Amino acid sequence: MPYTDYSRIEKKWIEFWDKQKTFHTDLHDFSKPKYYVLDMFPYPSGAGLHVGHPEGYTATDIIARMKRMQGYNVLHPMGFDSFGLPAEQYAIKTGNHPEAFTLKNIENFTNQLKMLGLSYDWSQTVSTCDPSYYKWTQWIFKQLCEAGLARYVETPVNWCEELGTVLANDEIIDGKSERGGYPVVRKNMKQWVIDITKYADRLLEGLDELDWPEPSKVAQRNWIGKSVGAKIDFKVDGTDESFTVFTTRCDTLFGATYCVLAPEHSIVDKITTPAQKNEIEAYKKACASKSELERTELNKDKTGAFTGAYAINPANGNKIPVYISDYVLTSYGTGAIMAVPAHDTRDFDFAKKFNLPIIPVLAGGNVENEAYTEDGLHINSGFLDGLNKQEAIDKMIGWLEQNKCGKKAVSYKLREWIFARQRYWGEPLPVIHLENGEDVLLADDELPLTLPEMDDYKAHGGNAPLENATDWVNVTVNGVKGKRETTTMPGSAGSSWYFLRYCDPHNGSVFADYDLMKYWMPVDFYCGGKEHLVGHLLYSRFWTNFLFDKGLVPCKEPFKKLFHQGMVLGENGEKMSKSLGNVINPDDIVRDYGADVLRMYEMFMGPVADTKPWNTANIEGVKKFIDRIYRLYFESDVITPAPNKNLEKLYNQTVKKVGEDYMALKVNTAISQMMIFVNAVYKEISEGKNFPLEYAEGLVKLLNPVIPFITEEIWSTVLGHNDTIAYESWPVFDESKCGEDSFEYAVQINSKIKCKLSLPADYGVKEIEEAVKANAEVAALINDKQIKKLIVVPKRLINIII
RNA sequence: GCCGCCGUGGCGGAAUUGGCAGACGCGCAGGACUUAGAAUCCUGUCCGCGAGGGUGCAGGUUCAACCCCUGUCGGCGGCACCA
């Protein structure tokens, strides 16, 4: 059966597209409106593609193909986020270079992607581990250094002994490393950080103008975590020392009955009284050795130690004790809090444990057994008594500023971006630490700083693997001896600007030409998983904003419209995983059914945005539909130029719906509409009618974005065209031919459907009312009851209340 | 604990966003073609014999609720002492 063997057709068109450079984008051609549609580039893992990849890639491919046909200049590139831990682990295990392994995987991925008929321009691809690419990653890092945003500082980090590296927060799950599940501890280390918090407000404001899913905006806002409050200074009684706390509820200051400092707070040693010294030291030690896991596990039970010092509550002059506790974090606010146990659950727990006074300052609760965290008018609060929350906050801020012991302040959850990994397989930082204590950046013409060849990729002790490359590490700058920085950049470095590089991927003198970016940026449609919301998507926005400020990029925001494809679950409704044995390999599906079937099936499963289970049985249904299309064109001779009025309306409706649904990535309903149309064509044929050439060509064009192989084959073989269908003009519809002439109204009596009534579609309310009243069937149903109300909605329904 | 998403036939999913619930497909049943099967082509298919009842459950708003509101149960994802 010829129509079940699509592999010949698919092979033919892959070669054709390659040879003809069908999908090559001339980046310098500004003659048409542009459309930049981008997938988040993959990490080229050794396992190859899984079925989740083709879902997102087919979705964007549909948009790219449609936009080309609609006359846009389309940039639809693909590349590889190719630095990363798996290649390094492979290198450690086998002693081979991670690059060779990575390049092999990239080749494999590329072949798999080509096999799927994705219309990427493979001559303009990008790979983050390519020195000609990471040269510019290093260059951008330099710009960040020069702007004072990248700094070499002592910071607490998540250290994983087993992996021998620092991990980002999102690489830790339940206090263990995401990879391998090894324990992670906190440790102070001197390393490179980038202060993304300087851009926190910009990143917050920028969200407003973006066409992103609202939940994704919410997630970024929460991650940035801006809180507006006040900083309040507390003097330490009997000393010249003081510390500052951050609070969002300065109005509860009268209820602050003690203060708590983070154990790492710099003032702790200065204020601790001799009598408390041992206790404080012991507690600090205990905290330092606590792993991330222990900290999270113990979050119910409060611990702490008394410094022996007292602070003065500026509102009422009361002497209140100062404690240290690890429930106060150095990394947020000022690392010190005023505790208001009456109205904060954590403070309440701590106060109960250490027997500290609890004074309610908000009316309405009972603070005997738990903190009262609702709102209430102020009590026990001097000049704030009787005020509500906002009034009291405003008044207190005024009072603090007047008395010079505090001021309005903002705090963010967003932390500095730790820009260093103790790994080999990443971009080297272009920095030399000189013996004289100076740190120097490499000159532009010394970039890229490439990775040295090594025999041993494993880290030893707490050192980065690059420490082993002594020839590379030890350098002399103007007679001064120095050592290269041996940590490398995190994975998210290279992926924070790759979308810019696609505008000009081969440029050797600048990361991307400004005019090219001016034309192509921003990305019009960006598709990728939700898991990158707070990492990659935030860092990319930050870098683009930064480069915009430097005048190097023409737009602040890189991704105008964002779309998340949903996850594809296994057939049992659970996440696909090797251990559950429910992994579907796309290669197998392509081999057994063909790429068109895989593409269409993945689109027909449900809306691209939804999480949905795989269902092999349903593939058969899609295959049948494609077979049906094949037979319609190849085995029937009903395609003639003559018009066929019977199909006119449905054809126009189909063109309209398919275009709309593709853009919204509700491809499933677009496909079902085309099934309806094909069914109607078959019906015409069975009645001896023809399939008009215009509609036959239109349908092939509508189908092409989803099933490019078979439609190219039909376009050339059956419809006799010499060139690719890819740039043929998109079918147009006539709105006036989409509507029905008549509408079948459901007639409800007391909101229950009783009968149907067919009326002309252009009838207004008045005409419908008259027709209803005149209708005998309706009259019989009403009997002779009184009509209390008559609700008529044209093209919807009729409801008669009696 | 907090934030976000989702609950519709035997299954994947539709429903013009407040207007005939179940489009389209799978599966199933019946028929045609066939010596027979496969493939293909028709027809039927939410439950109930029926009046009716149905969108996780219980309420509410409305002439009208899968859709909006309140509460509740269940599943998924993210964050986690953020002052």
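Lettering follows sequence order; numbering is per chain, from 1. Note that the coordinates shown come from a computational prediction; the quantities given were computed from them, not determined experimentally. These numbers come from the heavy atoms of this one structure, side chains and all, not from hydrogens, waters or symmetry mates.
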Quiz item: Between A:Ser227 and B:A83, is there a side-chain N or O to OP1/OP2 distance below 4.0 Å?
Solution: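 A:Ser227 to B:A83 OP1/OP2: side-chain N or O found under 4.0 Å.
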Quiz item: Distance check: side-chain N/O of A:Asn668 vs OP1/OP2 of B:C24, anything under 4.0 Å?
Solution: no
For [X], answer base if it contacts any base atom (sugar-phosphate contacts may also be present), sugar-phosphate if it contacts only those atoms, and nothing otherwise; contact means non-hydrogen atoms under 4.0 Å.
X: A:Phe625; value: nothing
X: A:Lys657; value: nothing
X: A:Ile791; value: base
X: A:Asp610; value: nothing
X: A:Lys752; value: sugar-phosphate
X: A:Thr345; value: nothing
X: A:Glu620; value: nothing
X: A:Lys756; value: base
X: A:Lys754; value: sugar-phosphate
X: A:Ile676; value: sugar-phosphate
X: A:Asn799; value: base
X: A:Leu797; value: base
X: A:Asn222; value: sugar-phosphate
X: A:Ala617; value: sugar-phosphate

Quiz item: Taking the C1' atom of each, how far is B:G13 from B:C46, in whole Å?
Solution: 14 Å
Quiz item: So what's the dot-bracket for RNA chain B: Watson-Crick or G-U pairs under 3.5 Å, [ ] if a pair crosses, | if it pairs off-strand?
Solution: (((((((..(((......[....)))((((((.......))))))((....))..(((((..]....))))))))))))....
Quiz item: Among side-chain atoms of A:Tyr332 and A:Ser227, is any donor-acceptor pair under 3.5 angstrom?
Solution: yes
Practice problem: Please check if any side-chain donor atom of A:Ser242 sits under 3.5 Å from a side-chain acceptor atom of A:Asp233, or the reverse. | Solution: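 Not at all, the side chains of A:Ser242 and A:Asp233 share no donor-acceptor pair under 3.5 Å.
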Exercise. Answer yes or no: are there more than 12 heavy-atom neighbours, outside A:Glu370 itself, under 6.0 Å from its atom CD?
Key: no
Quiz prompt | Exceeds 12 heavy-atom contacts within 6.0 angstrom, atom NZ of A:Lys408 | solution =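 No, not enclosed.
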Exercise. Return the minimal non-hydrogen interatomic distance between A:Glu55 and A:Asp610, and the atom names on each side.
Key: OE2-O, 4.5 Å
Quiz item: How far apart are the closest heavy atoms of A:Tyr763 and A:Ala771, and which atoms are they?
Solution: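 Closest approach of A:Tyr763 to A:Ala771: CE2-CB, 4.3 Å.
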Nearest to the side chain of [X], which nucleotide is it out of [options]?
X: A:Gln748; options: B:G19, B:C81, B:C41; answer: B:G19
X: A:Tyr682; options: B:C42, B:G12, B:G27; answer: B:C42
X: A:Glu744; options: B:C20, B:A15, B:C26; answer: B:C20
X: A:Val218; options: B:U40, B:C3, B:G13; answer: B:C3
X: A:Pro607; options: B:G4, B:G13, B:A83; answer: B:G13

Quiz item: Whole Å only: how far is the CG atom of A:Asp326 from the P atom of B:A83?
Solution: 17 Å
Self-check item: Whole angstrom value for the distance that separates C1' of B:G4 from NZ of A:Lys530
Solution: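 After rounding, the reported distance stands at 9 Å.
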Practice problem: Report yes or no: is the cationic atom of A:Arg541 (NZ for Lys, CZ for Arg) under 6.0 Å from the centre of the six-membered ring of A:Trp212, at an angle within 45° of the ring normal? | Solution: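 Relative to the ring axis of A:Trp212, which defines the angle, A:Arg541 lies inside both limits.
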Exercise. For the pair A:Tyr258 and A:Phe350, name the ring-plane relationship: parallel under 30°, tilted 30 to 60°, perpendicular over 60°.
Key: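 Correct class here is parallel.
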Exercise. Enter syn or anti for the glycosidic conformation of B:U17, syn applying to angles within 90° of 0.
Key: syn
